[in-house]
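Have a look at the structure below, then the notes.
Residue indices begin at 1 and follow the sequence shown.
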Amino acid sequence: MTPGGGPMKECGYSEINTRGTSPMESPHKKKKTVAKRKWEVFPGRNKFYCNGRIMMARQTGVFYLTLILILVTSGLFFAFDCPYLAVKITPAIPVIGGILVFFVMGTLLRTSFSDPGVLPRATPDEAADLERQIDVANGSTSGGYRPPPRTKEVVINGQTVKLKYCFTCKIFRPPRASHCSLCDNCVERFDHHCPWVGNCVGKRNYRFFYMFILSLSFLTVFIFAFVITHVILRSQQSGFLNALKDSPASVLEAVVCFFSVWSIVGLSGFHTYLISSNQTTNEDIKGSWSSKRGKENYNPYSYGNIFMNCCAALCGPMNPSLIDRRGIVQADMAQSVTPSNGLTMYGSTQSQSNMAAATPLLQTEPTVPTDEPPLPGKTTISAPCASLALGQPTPPSSMPNLNSETVLTDMIPLKDDVGNHQFLTPDEAPSPPGMLPANSPVTHSHTMHVLNLVSQDSLHEDSVRGLVKLSSV
C-alpha cells in the first residue's frame, strides 16, 4: 500500500545485455550460423548435386550428348523394331535389349556421379610442415622461401618409381596418381579424363567405366544387327524401298550404330589390354613401362598373369572416398598469422605477452625525445641515451633505479646544462622492428608492437610530474 492508500504497482526489471549487441541491433535477435559442408567449399573444378552425393566435372555438355544418343537410339529400337522382331523371330529380343540398356545406363551413371579417387589437398599447416622437412633434409636454414624439389624416389617391387610434387595440391602424389588439369584435382591411379562420361576415370570408378564401354559395345552390336535383320525381312516381303518407308527409324538407328560401333569396340579392346597388363591409359601413352626405355624397365604393378590382373582391376575391394565431401566444415578457433621469420602467432593475446617479454623498456617509464622546447614549470629529463640492441633491447646501465635514497639533483639537470646533452630526433631514435626503413641493414626476428606517440607523450608527462613531486618532498 502507498501512503495515499492506493495499491502499490509492481515494478518489473529486465536485464539488458550489452556485450554482444550494437546500437543498430536488437539484443533479442541472434544471427543463426548455418554449418557448411565440405563440398560447398571444395577447391577443385567440380559440380555437386543432391547435397554432395553426386560429383561430376564442370564440363558436362558431352555427357548429356552421350545420354541422348543412348536413350534416343534405344527408344527408337524398342518402338519401331522390337514389335516386328518379337513376332517374326522371338520375344526374347526386346528382353535382352532391355537388360543391356539397363546395364549400360547403370554403369554410365555410376561412373559419372562418383568420386574417381580425388586426393585431398594439404592444409596450410601440412604444407608448411612438409616444406620444413624438405629444408631440414636439404640442410637449408635460410628464412627465405625455397621451393621444394619436384620428385622423390621410392622402390616398388624392385623398380624405382618417382613421386612428383604437386604445387597445386601441395602434396607428393602417390604412385600412379596424376593431376587432372580440367578438374584441378590429383586423382589416385589416374587413367584419363573422359568427357563422354563427364568425369575423371580413376581408382574408384575405373571398373564401372570398363563395364560401361564393354556393355555399350554389346548393345551397339545388338541393335545394329537386329536393325539390319528387320530391314532384310521387310524387304523380302515388299521390297527394299518399301521396307525403308515402312520403318524410317531403322535407317537412323543403323547410321548411328555404324559410325559408333568401331570406336566403342576399339576402345573396349584397348582397355581390355590395359586391364590384362595392369596398366593405365596415362602410363601407356607416356610409355612408362615400355621396353624402349631399357631392358631393366618393367611394370612393377603387374601380377604376372592375365587372370590375376583382371581380378585386381575388376574384383578388388572398393576403396572409400578420401575427400569426405558431405562432412561439416570445422570453423577455425584462431586465425594464424605468419611473421617474416616463419613463426606462427595466433591471435593478439600471445603477441601482446611476447611483446612485453621481448621489450623490457615498455615495462618502465618510456621516454620519447621531441624537438619541442620544455614547457614552463616542467622539468625535462635529459639523461644521456645509451645505444640499444634492437634484437633484445635492455635498459641503459647508466640509468639508476628510482627510490627514496636517490639524489634527484643528479638525475634532473638544470636548464643551463640542457645544451650539454645530445637529444635524438624522431628520425634518429631506434624504431621498432616492424617500422625499420627499407634500406636498413638491421633485421629482426621478433614481432613487436608500436606504441602510439600520443600515449608515450602522456606517459612521459606523468613520469615528470612524479619526479617533481619527489623532489619537492
Side-chain angles (χ1 to χ4, degrees), residues 47 49 54 56-57 59-114 192-201 205-272 281:
K47 290 182 179 180
Y49 305 95
I54 296 177
M56 298 185 67
Q59 298 84 5
T60 56
V62 184
F63 165 73
Y64 295 125
L65 177 61
T66 305
L67 285 178
I68 292 173
L69 289 175
I70 295 174
L71 295 177
V72 170
T73 305
S74 302
L76 293 176
F77 175 74
F78 287 114
F80 293 93
D81 298 293
C82 284
Y84 182 86
L85 295 172
V87 174
K88 293 295 182 178
I89 301 178
T90 176
I93 293 177
V95 176
I96 298 174
I99 294 174
L100 286 175
V101 171
F102 178 79
F103 197 79
V104 166
M105 294 302 300
T107 53
L108 171 62
L109 297 180
R110 185 67 173 82
T111 305
S112 303
F113 294 164
S114 61
H192 69 288
H193 181 92
C194 182
W196 296 97
V197 300
N199 204 350
C200 288
V201 178
N205 63 350
Y206 180 78
R207 66 182 65 182
F208 302 107
F209 172 78
Y210 177 73
M211 288 187 288
F212 163 67
I213 58 175
L214 188 63
S215 60
L216 184 60
S217 301
F218 286 116
L219 178 63
T220 306
V221 173
F222 180 83
I223 293 178
F224 182 72
F226 281 102
V227 164
I228 298 299
T229 303
H230 181 205
V231 173
I232 292 174
L233 292 177
R234 280 189 178 273
S235 62
Q236 291 176 354
Q237 297 177 355
S238 58
F240 182 73
L241 295 178
N242 292 328
L244 297 181
K245 291 179 181 179
D246 294 338
S247 181
S250 300
V251 179
L252 180 61
E253 298 169 36
V255 171
V256 172
C257 292
F258 177 78
F259 288 103
S260 302
V261 68
W262 310 108
S263 59
I264 297 174
V265 172
L267 186 63
S268 300
F270 173 69
H271 279 277
T272 302
T281 303

Rounding to 0.5 Å, atoms CG (Leu267) and CZ (Phe212) come to a distance of 9.5 Å
Check Phe209 against Cys194 and note the closest heavy-atom contact, atom names and distance.
CE1-SG, 3.9 Å
Of the non-hydrogen atoms in Met105 and Ile70, which two are nearest, and what is the gap between them?
SD-CG2, 3.9 Å
Residue among Thr107, Val101, Leu100 satisfying side-chain contact (heavy atoms from CB on, under 4.5 Å) with Phe103
Thr107
Rounded to the nearest 0.5 angstrom, the CD-OG distance for Glu253 and Ser247 is 7.0 Å
Are Cys82 and Phe77 packed together at the side-chain level, in the sense that at least one heavy-atom pair is separated by less than 4.5 angstrom?
yes
Which distance, rounded to the nearest 0.5 Å, do you find between the CG of Leu108 and the CZ of Arg110?
12.5 Å
Would you say that Leu214 contacts Met211 through its side chain, given a criterion of any heavy-atom pair below 4.5 Å between the two side chains?
no
With sequence neighbours excluded, tell me which residues meet ring-ring contact (aromatic ring centres under 6.0 Å, His included) with Tyr206.
His271
In terms of heavy-atom contacts, His230 and Ser250 come closest through ND1-OG, 3.5 Å
Looking at Pro94 and Phe78, what are the two nearest heavy atoms and their distance?
O-CE2, 3.5 Å
Any sub-3.5 Å donor-acceptor pair from Asn242's side-chain atoms to Ser235's backbone N or O?
no
Strictly distance-based, threshold 3.5 Å: is any side-chain N or O of Ser74 a donor or acceptor partner for the main-chain N or O of Leu71?
no
Non-hydrogen atoms of Leu65 and Trp196 that approach each other most closely
CD2-CZ3, 4.3 Å
Got a sec: does the CZ of Phe102 have more than 12 other heavy atoms crowding it under 6.0 Å?
no
If I take atom OG1 from residue Thr111 and atom CG from residue Asn205, how far apart are they, to the nearest 0.5 angstrom?
5.5 Å
Between side-chain atoms of residues 216-228 and protein atoms elsewhere (two or more places apart, or another chain), which donor-acceptor pairs fall under 3.5 Å?
unit_1, atom_1, unit_2, atom_2, d
Ser217, OG, Ile213, O, 2.7
Ser217, OG, Ile264, O, 3.3
Ser217, OG, Ser268, OG, 2.7
Thr220, OG1, Leu216, O, 2.7

Is the shortest side-chain heavy-atom distance between Val72 and Val256 below 4.5 Å?
no
Measuring from Asp81:CG to Arg234:CZ, what's the distance to the nearest 0.5 Å?
8.5 Å
His193 meets the ring-ring contact (aromatic ring centres under 6.0 Å, His included) criterion, sequence neighbours left out, with none
Is it the case that atom CZ in Phe240 sees more than 12 heavy atoms from other parts of the structure closer than 6.0 Å?
no
Nearest-0.5 Å distance that lies between atom CG in Asn199 and atom NZ in Lys47:
12.5 Å
Between Thr60 (side chain only) and Met56 (backbone N and O only), is there a donor and an acceptor less than 3.5 Å apart?
no
